[in-house]
Peer 1: 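I have a structure I would like to understand better, so I am pasting it below and will then ask my questions one at a time.
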Amino acid sequence: MPEGHVLHRAARLQGKRFNGCEVAVESPQGRFSAGADQLDGQTLEVIEAKGKHLFYRFESSDVLHIHLGLFGKFRLSRPPFPEPSPACRVLMSTSDDQLHLAGPNQCEILDPEATADVMDRLGPDPLRGPADGAEDFGRRLSTRKIPIGRAIMDQKIVSGIGNVYRSELLFMLGIDPFTPANKLGVDDVERLWALTVDELKAGERLGRIVTVTPDDSDGAKRRELAAGERLYAYKRDGKSCRRCHEPIVCADIDGRNVWWCRSCQH
DNA sequence: GTGTCATGCGTAT
DNA sequence: TACGCCTGACACG
């Protein structure tokens, strides 16, 4: 269940184990057998993330492109390796480490040009720290009349934000999700970019999304907050706002739910 | 066991 | 706007 922080964390943790290693690749499920054969025995040079996409660059210049979609999951293990699930699309191993992938939306081999095309289609990624990120993000928002709550889910505008971060970021800045994207002030755009960078980084480090900060949690550290205490808005409809105690509300934008506080966000 | 739901996205209508 | 795609966890009987 991946937003951008999950993919960057995967690139970092998997990279520690596999970058520079000759890997065995198979597809127990069989749906990626030809691709697995092509990669089997090659040296994996580096794993890279942009937005919600992962790119595994191999010595031959083959690039394994993975997008987890809604269901995809990675599992890393050390020997003795567990039995792969029947749905295991890709199993990548060295003698010391094994990566198990099930349920990806996309799993394909690209050449470097096609890889660049995929990356170019994505908006700036807050976790890649582009120097002009805020300006680029602002430019992409400025021409759009769609609600900001829809715009920040559009991976061509900013890459890596998903449904949890959408509700959380807008709550934290007091922005109504239905505000037209092009009506956001320069200050709000900058604050939104900066907060997105901070929150995605925190999620990458922690391995989970925790936005509630000590001020709103009696000083408890983020890492220690129990499930149900970690978020401000996401899936909290009917519960009381952690800041003003009015009820959190929920609406559908493009078939995905958004949660917000009518009193704090406008 | 069956049904439902989910942190996503592309394509068709 | 609807549907298809991919999997697994959990609620319910």
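Computed from a prediction, not measured in an experiment: that's the story for all the values here. So you know, we letter chains A, B, ... as the sequences are listed, proteins then strands, and number each from 1.
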Peer 1: Do A:His5 and A:Tyr165 have ring centres separated by under 6.0 Å?
Peer 2: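 Yes.
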Peer 1: Over how many whole Å does the gap from A:Glu108 atom CD to C:dC5 atom C1' extend?
Peer 2: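 One finds 14 Å between C1' of C:dC5 and CD of A:Glu108, rounded.
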Peer 1: Output yes when at least one side-chain N/O atom of A:Tyr234 is less than 4.0 Å from OP1 or OP2 of B:dT7, else no.
Peer 2: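 Indeed, a polar side-chain atom of A:Tyr234 lies that close.
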Peer 1: Distance check, P atoms only: C:dA2 and B:dC5, in whole angstrom units.
Peer 2: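 These two P atoms come out 15 Å apart once rounded.
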Peer 1: What is the separation between atom CZ on A:Arg230 and atom P on B:dT7, rounded to the nearest whole Å?
Peer 2: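 Nearest whole value for this atom pair: 17 Å.
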Peer 1: Identify whether any heavy atom of A:Lys235 sits under 4.0 Å from a base atom; if not, whether one sits that close to sugar-phosphate; answer base, sugar-phosphate or nothing.
Peer 2: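 A:Lys235: backbone/sugar contact only, no base atoms under 4.0 Å.
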Peer 1: Starting at CG of A:Leu231 and ending at C1' of B:dA6, how long is that distance when rounded to a whole Å?
Peer 2: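 In whole Å, B:dA6 C1' lies 14 Å from A:Leu231 CG.
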Peer 1: Under 5.5 Å centre to centre and under 30° between planes: does that hold for A:Phe71 and the six-membered base ring of C:dC6?
Peer 2: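 No; by the centre-distance and plane-angle rule, A:Phe71 does not count as stacking on C:dC6.
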Peer 1: Categorize A:Gln155 for me: base, sugar-phosphate, or nothing, with a 4.0 angstrom heavy-atom threshold over every strand shown.
Peer 2: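 Here A:Gln155 touches the backbone only, sparing every base.
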Peer 1: I want to verify a distance call: between C:dG8, B:dC9, B:dT7, whose nearest atom is closest to the A:Asn163 side chain?
Peer 2: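 Shortest atom-to-atom distance from the side chain points to B:dT7.
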Peer 1: Using a 4.0 Å heavy-atom cut-off, does A:Gln29 contact any base of the nucleic acid, only the sugar-phosphate backbone, or nothing at all?
Peer 2: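 Counting heavy atoms under 4.0 Å across all strands, the contact made by A:Gln29 is with sugar-phosphate only.
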Peer 1: Just so I know, are the side chains of A:Ile157 and A:Ile152 near enough to count as touching, which here means a heavy-atom distance under 4.5 Å?
Peer 2: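 No. Closest side-chain heavy atoms not under 4.5 Å.
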Peer 1: Rounded off to whole Å, could you give me the NZ-to-P distance for the A:Lys52 and B:dG8 pair?
Peer 2: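 From A:Lys52 NZ to B:dG8 P: 4 Å.
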Peer 1: To the nearest Å, give me how far apart CZ (A:Arg256) and C1' (B:dT7) are.
Peer 2: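 Value for this atom pair: 7 Å.
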Peer 1: Between C:dG8, B:dA6, B:dC9, which nucleotide has the shortest distance from any of its atoms to the side chain of A:Ser85?
Peer 2: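 Nearest nucleotide to the side chain: C:dG8.
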Peer 1: Using only side-chain N and O atoms of A:His67, determine if any of them is under 4.0 Å from OP1 or OP2 of B:dG8.
Peer 2: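 No, outside the criterion.
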Peer 1: My understanding is that only one of A:Gln155, A:His65, A:Glu48 makes a side chain to side chain donor-acceptor pair (under 3.5 Å) with A:His53; could you say which?
Peer 2: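 So, applying the side chain to side chain donor-acceptor pair (under 3.5 Å) to A:His53 and each of A:Gln155, A:His65, A:Glu48, only A:His65 qualifies.
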Peer 1: Could you go through residues 109-124 of chain A and list every donor-acceptor pair under 3.5 Å that involves a side-chain atom there, pairing it with any protein atom two or more places apart or in another chain?
Peer 2:
{"residue": "A:Asp111", "atom": "OD1", "partner": "A:Glu113", "partner atom": "N", "Å": "3.1"}
{"residue": "A:Asp111", "atom": "OD1", "partner": "A:Ala114", "partner atom": "N", "Å": "2.8"}
{"residue": "A:Thr115", "atom": "OG1", "partner": "A:Asp111", "partner atom": "O", "Å": "2.9"}

Peer 1: How are the rings of A:Tyr232 and A:Phe171 set to each other: parallel, tilted or perpendicular (split at 30° and 60°)?
Peer 2: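 Taking A:Phe171 first and then A:Tyr232, their aromatic rings lie parallel (interplane angle under 30°).
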Peer 1: Among B:dG8, B:dA6, C:dG8, which nucleotide has an atom closest to any side-chain atom of A:Glu3?
Peer 2: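 The listed nucleotide nearest to A:Glu3's side chain is B:dG8.
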Peer 1: Quick one: label A:Arg89 by what it contacts on the DNA or RNA (base, sugar-phosphate, nothing), any heavy atom closer than 4.0 Å.
Peer 2: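 Since only primed, P, OP1 and OP2 atoms lie under 4.0 Å of A:Arg89, the category is sugar-phosphate.
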Peer 1: Indicate, with a heavy-atom threshold strictly under 4.0 Å, whether A:Arg31 touches base, sugar-phosphate, or nothing.
Peer 2: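 Touches sugar-phosphate only.
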Peer 1: How far, in whole Å, is C:dC3 from B:dT4 if one measures between their P atoms?
Peer 2: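 After rounding to an integer number of Å, I get 15 Å for this pair.
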Peer 1: Please tabulate, for the side chains in residues 181-193 of chain A, all donor-acceptor contacts under 3.5 angstrom to protein atoms that are two or more places apart in sequence or on a different chain.
Peer 2:
{"residue": "A:Asp188", "atom": "OD1", "partner": "A:Arg191", "partner atom": "NH1", "Å": "2.7"}

Peer 1: Using whole Å, what does the distance between atom C1' of nucleotide B:dG10 and atom CD of A:Gln106 come to?
Peer 2: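 In whole Å, B:dG10 C1' lies 9 Å from A:Gln106 CD.
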Peer 1: Output the rounded distance in Å from NE2 (A:His5) to C1' (B:dT7).
Peer 2: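 Distance, rounded to whole Å: 7 Å.
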Peer 1: Rounding to an integer number of Å, can you tell me how far A:Leu68 CG sits from C:dC5 P?
Peer 2: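 A:Leu68 atom CG is separated from C:dC5 atom P by 19 Å.
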Peer 1: Just checking A:Asn105: base, sugar-phosphate only, or nothing, at a heavy-atom cut-off of under 4.0 Å?
Peer 2: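 Base contact.
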